[in-house]
Amino acid sequence: MTQTVINDPNTIVCDHPLCHENLTIIRDKNTTAEVFRNAIRRLTYLLLYTATQDLETEEVTTVTPMAECKTQVLKKDVKIILAPILRAGLIFSDIASDILPNASIRHIGMYRDEKSLKPVWYYDKTPIMFDEPQKTVVFILDPMIATGNSGLDCINLFVSKRIPVENIRFVSLISAPEGLEKIRKYYPTLKITTAHIDETLTKTGYIIPGLGDAGDRIFNTLGD
Ligand code: URA
């Protein structure tokens, strides 16, 4: 399907054959919850690979069985935070924490008020203040950027706790142009990695063509 093209260097679309393959699986309404979850897990590797590409490294000395050499590791004084937005964001956090094993996972709980489409907070596992915000990098994990309201609230939370905007990255599977535009209005330089930009939103805030309700499909609660 056609990608909506937006002219924005800070929105990185992970335009990879394996992303397309797995997006097709999760868009299909006949895909079971188990197959849906596994396809998202595969997509998480691809998205995180892209979203972590500019993490800083430092040189260390490593001794192999054959010789001593200089190698690179992630900068040791940088603290990485994974912030999955409940509940759908949970699907990213297992694989993301495998890839970034020293990261802290700070859950954010929000649901969408069906009338106002505004997020309602119910959980926030962030500290009152971060020890070294300048040395903290945050990955906000939310499969769908639809209206952009919950994403924006979550970004505002970290910014209010002094995390520099350039240290915050947003990772999503599918984004709507409307939601991206809303985030961009306030945070033009924030890095967003997504696998696809779809066409638009319905009046009730669902992405078209999208994949339906990500949380319901992940947790097999469709029809509740
Ligand atoms: N959240 C979802 O799970 N799906 C959408 O289409 C929009 C928001």
Side-chain angles (χ1 to χ4, degrees), residues 1-4 6 11 13-14 19-20 22-44 46-47 51 82-96 107-123 139-157 169-187 190 192-224:
M1 67 168 279
T2 318
Q3 181 92 240
T4 300
I6 59 164
T11 301
V13 180
C14 193
C19 280
H20 294 294
N22 287 289
L23 280 170
T24 298
I25 294 171
I26 61 176
R27 287 186 193 280
D28 186 338
K29 67 177 183 162
N30 294 317
T31 294
T32 62
E34 185 196 7
V35 173
F36 188 86
R37 287 192 290 264
N38 284 329
I40 297 189
R41 290 188 185 112
R42 292 191 289 274
L43 281 158
T44 309
L46 298 160
L47 286 166
L82 299 172
I85 303 184
L86 302 177
R87 62 186 168 137
L90 280 180
I91 190 72
F92 284 148
S93 62
D94 273 1
I95 302 292
H107 296 93
I108 304 294
M110 284 181 211
Y111 67 86
R112 183 163 59 166
D113 179 82
E114 298 300 336
K115 276 206 183 118
S116 66
L117 302 186
K118 297 271 188 253
V120 181
W121 285 78
Y122 63 89
Y123 192 67
F139 292 86
I140 299 174
L141 309 175
D142 189 358
M144 311 297 272
I145 298 181
T147 60
N149 290 333
S150 49
L152 194 56
D153 265 21
C154 194
I155 298 165
N156 286 338
L157 172 79
R169 291 106 200 265
F170 208 108
V171 181
S172 86
L173 279 175
I174 298 182
S175 304
E178 294 89 335
L180 291 174
E181 203 175 308
K182 176 163 289 168
I183 294 174
R184 284 289 166 244
K185 194 169 149 200
Y186 300 95
Y187 297 108
L190 184 131
I192 299 175
T193 301
T194 189
H196 206 273
I197 304 174
D198 274 15
E199 288 163 24
T200 189
L201 285 180
T202 63
K203 283 201 182 74
T204 52
Y206 280 89
I207 299 177
I208 298 291
L211 48 72
D213 189 295
D216 280 338
R217 295 197 64 190
I218 292 164
F219 297 107
N220 205 12
T221 52
L222 282 167
D224 275 7

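As the structure lists them, so they are numbered: ligands from 1, and atoms in each ligand from 1.
- Between Gly205 and ligand 1 there is a heavy-atom distance shorter than 4.0 Å.
- Annotation: Ala214 places an N or O atom under 3.5 Å from an N or O atom of ligand 1; distance criterion only.
- The shortest N or O to N or O distance between Ala146 and ligand 1 is not under 3.5 Å.
- In terms of modelled atom types and a separation under 3.5 Å, the side chain of Arg184 and the main chain of Tyr187 share a donor-acceptor contact.
- Judged by the 6.0 Å distance and 45° axis criteria, Arg112 is positioned over the aromatic ring of Tyr206.
- Side chains of Ile6 and Glu181 form no contact here, defined as non-hydrogen atoms less than 4.5 Å apart.
- Among the atoms of Gly215, none of the N or O lies under 3.5 angstrom from an N or O of ligand 1.
- Remark: side-chain polar atoms of Arg37 are paired, donor with acceptor, to backbone N or O of Ile218 under 3.5 angstrom.
- When each atom of ligand 1 is checked for a heavy atom of Gly212 under 4.0 Å away, the hits are 2 (C), 3 (O), 4 (N), 5 (C), 6 (O).
- Against a heavy-atom cut-off of under 4.0 Å, Ile207 is close to the following atoms of ligand 1: 5 (C), 6 (O), 7 (C).
- Using a 4.5 Å cut-off on side-chain heavy atoms (C-beta onward), Asp142 and Cys154 make no contact.
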